Engineer: 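Below is a structure I'd like to ask you about.
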There are 2 protein chains.
Amino acid sequence: MPERQSSRKDAIRNREAVLAAADALFARHESPEDVTMADVAAAAGVGKGTLFRAFGDRAGLLRALYEGRLEPIRQAVETGPPPLGPTTPPRERVPALLDAVLCFKLDNRRLALALEEGGSSSPYRAEHYERWHSLLQAVLEEIPSVTDSGFTAHALLAATRADLVEHLAGEERIPRERMRAQLSNFVTAVLASGPLQGLTAEE
Amino acid sequence: MPERQSSRKDAIRNREAVLAAADALFARHESPEDVTMADVAAAAGVGKGTLFRAFGDRAGLLRALYEGRLEPIRQAVETGPPPLGPTTPPRERVPALLDAVLCFKLDNRRLALALEEGGSSSPYRAEHYERWHSLLQAVLEEIPSVTDSGFTAHALLAATRADLVEHLAGEERIPRERMRAQLSNFVTAVLASGPLQGLTAEE
DNA sequence: GTTCAAACGGACCTAGGGTCCGGATTCTAT
DNA sequence: ATAGAATCCGGACCCTAGGTCCGTTTGAAC
């Protein structure tokens with residue numbers, strides 16, 4: 001599992017070059033499928049061996065790109081101010097989290113697609129999914145009207161899956177703001193199910 | 001696009017043999033990925049050429065299997081009695097439809113996985129998805145408290161995606177009935193969202 | 001400057017989807 | 001029954017793309 005840092009400057013430089021090249025290639029092409037590892041290597045001016053040594057395999061490269069993009073949002077979620085940060089009341093934070101996920105996928109359509117769906121193994125085994133899920137589940141747990149926080153978290157996240165987002169944005173040509181509003185409505189509906197259990201709350 | 005019927009009995013026999021063999025193989029193996037076309041051909045006692053002539057490509061084979069399994073449910077939905085049939089009131093039919101989808105995917109885990117996720121192209125382009133979606137959307141349209149029936153239909157269907165079901169059943173070991181209950185709860189919550197738009201209804 | 005571990009890079013390997021075509025099988029007309 | 005045409009069979013073959021190997025080069029430490 002090659003993933004450790006190297007101190008040699010050529011290694012570092014090449015790693016950056018590959019990341020940049022891959023980023024550009026995925027952005028440029030319609031489908032992630034037609035960006036091959038050889039393409040990436042060539043675009044980065046590097047041999048395939050170098051590429052694979054640095055990232056292990058295709059999924060490793062995708063993951064590296066993905067994590068890089070995700071970092072700011074992770075920060076905002078873990079230690080940032082409301083509405084994403086941990087001090088936000090649950091009923092408000094859940095929609096904010098899902099909105100953040102949606103926006104992220106809209107901003108990184110191709111990349112998210114490549115990582116989540118392109119891979120041969122289930123996206124549910126990815127650690128970043130696991131992180132989102134457990135966070136969302138924990139927040140949902142705080143909302144009394146929500147039963148089955150585990151399943152609910154899965155179901156809500158499913159509404160933001162990369163290929164669905166891609167379909168809505170690409171095929172159905174739904175504009176960004178509209179999609180955000182729809183998701184927001186949906187989340188609200190799920191959370192608002194209180195009445196069923198008897199507590200209609202304030203407002 | 002070879003998909004026309006043949007009248008020659010050897011062709012028909014072989015087609016059946018392939019279908020049966022593929023069915024057995026997909027059921028037997030953990031992941032659809034490790035059932036190759038060559039495996040199917042061998043198991044059916046047939047050459048690869050025969051296999052590809054009959055079904056066009058891998059997706060074609062999967063589709064043929066899938067459609068076969070789906071047929072009964074399609075019948076039940078289109079012309080059957082409640083709670084699946086068209087005479088059912090919307091608020092009751094929506095959960096029934098999603099429950100049917102869930103059960104189908106539970107009963108055909110590997111196959112659904114192979115077709116929906118294994119393929120290189122988006123599952124949202126598949127015609128069977130389109131069918132479920134437009135039906136669900138139409139039914140949701142009849143429920144006044146539901147806004148954005150199109151998106152809602154997508155989001156609800158996303159909760160029954162093959163790889164999620166597989167994850168829940170396989171990894172999290174959630175028993176069938178529990179999963180059905182969870183999905184049912186979730187759907188109910190989404191449909192019950194009336195109160196939010198200002199009309200707190202009766203209760 | 002010498003040394004050696006580490007990185008380089010591209011030839012090479014492999015798996016699996018898909019194609020091809022000479023030969024076998026089936027249908028039809030007589 | 002049989003010739004002939006149409007269709008089908010099957011497995012050798014091709015191609016792509018991910019991943020590996022290893023002789024060569026580079027960089028850093030002394």
Side-chain angles (χ1 to χ4, degrees), chain A residues 1-22 25-26 29-65 110 113-115 117-121, chain B residues 1-22 25-26 29-65 110 113-115 117-121:
Chain A
M1 295 301 141
E3 194 64 38
R4 49 197 282 203
Q5 282 288 52
S6 162
S7 47
R8 270 176 65 158
K9 75 178 179 198
D10 54 351
I12 297 176
R13 182 176 44 74
N14 281 332
R15 186 184 168 90
E16 298 303 324
V18 167
L19 246 14
L25 282 182
F26 280 113
H29 285 75
E30 269 306 309
S31 166
E33 311 261 317
D34 44 44
V35 174
T36 78
M37 294 302 270
D39 289 342
V40 174
V46 147
K48 285 181 65 178
T50 302
L51 198 168
F52 280 96
R53 195 169 333 96
F55 297 98
D57 58 7
R58 181 175 235 259
L61 171 59
L62 273 320
R63 227 178 301 131
L65 278 171
R110 311 286 163 65
L113 240 194
L115 183 63
E117 318 297 335
S120 51
S121 78
Chain B
M1 340 36 237
E3 194 63 41
R4 47 195 283 205
Q5 281 289 50
S6 162
S7 47
R8 275 179 61 158
K9 74 177 179 196
D10 53 352
I12 297 175
R13 180 176 45 74
N14 280 332
R15 187 186 167 88
E16 299 302 323
V18 167
L19 246 14
L25 281 183
F26 280 114
H29 285 75
E30 269 306 310
S31 166
E33 310 261 318
D34 43 47
V35 175
T36 77
M37 294 302 269
D39 289 342
V40 174
V46 146
K48 286 182 62 178
T50 302
L51 198 167
F52 279 96
R53 198 172 328 98
F55 297 98
D57 58 6
R58 181 174 234 258
L61 171 58
L62 272 322
R63 227 179 301 132
L65 279 170
R110 311 285 163 66
L113 240 194
L115 184 60
E117 319 297 336
S120 51
S121 79

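Residue numbers begin at 1 in each chain, while the letters A, B, ... track the order of the sequences. Everything numeric in this text was worked out from a predicted model, so none of it was measured.
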Engineer: Tabulated below should be each protein N or O lying under 3.5 Å from an N or O of nucleotides 14-18 of chain C; please produce it.
Structural biologist:
unit_1 : atom_1 : unit_2  : atom_2 : d
C/dG17 : OP1    : B/Arg58 : NE     : 3.2
C/dG17 : OP2    : B/Met37 : N      : 2.9
C/dG17 : N7     : B/Lys48 : NZ     : 3.4
C/dG18 : OP2    : B/Arg58 : N      : 3.0
C/dG18 : N7     : B/Lys48 : NZ     : 3.0
C/dG18 : O6     : B/Lys48 : NZ     : 2.4

Engineer: Please give, in whole Å, the distance from D/dG18 P to A/Phe55 CZ?
Structural biologist: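 Atom-to-atom, A/Phe55 to D/dG18, this comes out as 15 Å.
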
Engineer: Counting only side-chain nitrogens and oxygens, does B/Arg53 get under 4.0 Å of the OP1 or OP2 atom of D/dC9?
Structural biologist: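 The answer is yes; a side-chain N or O of B/Arg53 sits under 4.0 Å from OP1 or OP2.
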
Engineer: If I take atom CG from residue B/Asn14 and atom CG from residue B/Leu19, how far apart are they, to the nearest 0.5 angstrom?
Structural biologist: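 Output value for this atom pair is 11.5 Å.
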
Engineer: Under 4.0 Å: is that the gap between some side-chain N or O of B/Asn14 and OP1 or OP2 of D/dC8?
Structural biologist: no

Engineer: What is the distance, to the nearest angstrom, from the CG atom on A/Leu25 to the P atom on D/dA17?
Structural biologist: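 Rounded to the whole Å, the gap is 14 Å.
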
Engineer: The criterion is side chain to side chain contact (heavy atoms under 4.5 Å, CB included); which residues satisfy it with A/Ala22, sequence neighbours excluded?
Structural biologist: A/Phe26, A/Val40, A/Leu61, A/Leu65

Engineer: With sequence neighbours excluded, tell me which residues meet side chain to side chain contact (heavy atoms under 4.5 Å, CB included) with A/Ser31.
Structural biologist: A/Glu33, A/Asp34

Engineer: Taking OP1 and OP2 of C/dG9, is either one under 4.0 Å from a side-chain nitrogen or oxygen of A/Thr50?
Structural biologist: yes

Engineer: Would a 4.5 Å heavy-atom cut-off, applied to side chains only, mark A/Phe52 and A/Arg58 as touching?
Structural biologist: no

Engineer: Given atom NZ of A/Lys9 and atom C1' of D/dT25, what is their separation to the nearest angstrom?
Structural biologist: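 So the NZ-C1' distance, A/Lys9 to D/dT25, works out to 14 Å.
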
Engineer: With rounding to the nearest 0.5 Å, note down the distance linking CZ in B/Phe55 to OG1 in B/Thr50.
Structural biologist: 11.0 Å

Engineer: Rounded to whole Å, please give me the gap between CG in A/Asp10 and C1' in C/dA7.
Structural biologist: 6 Å

Engineer: Using heavy-atom distances to pick each residue's nearest nucleotide on DNA chain D, tell me which of B/Gly47 and B/Arg8 is more 5'.
Structural biologist: B/Arg8

Engineer: Could you give the distance from CZ (B/Arg8) to CZ (B/Arg13), rounded to the nearest 0.5 Å?
Structural biologist: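 One finds 10.5 Å between CZ of B/Arg8 and CZ of B/Arg13.
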
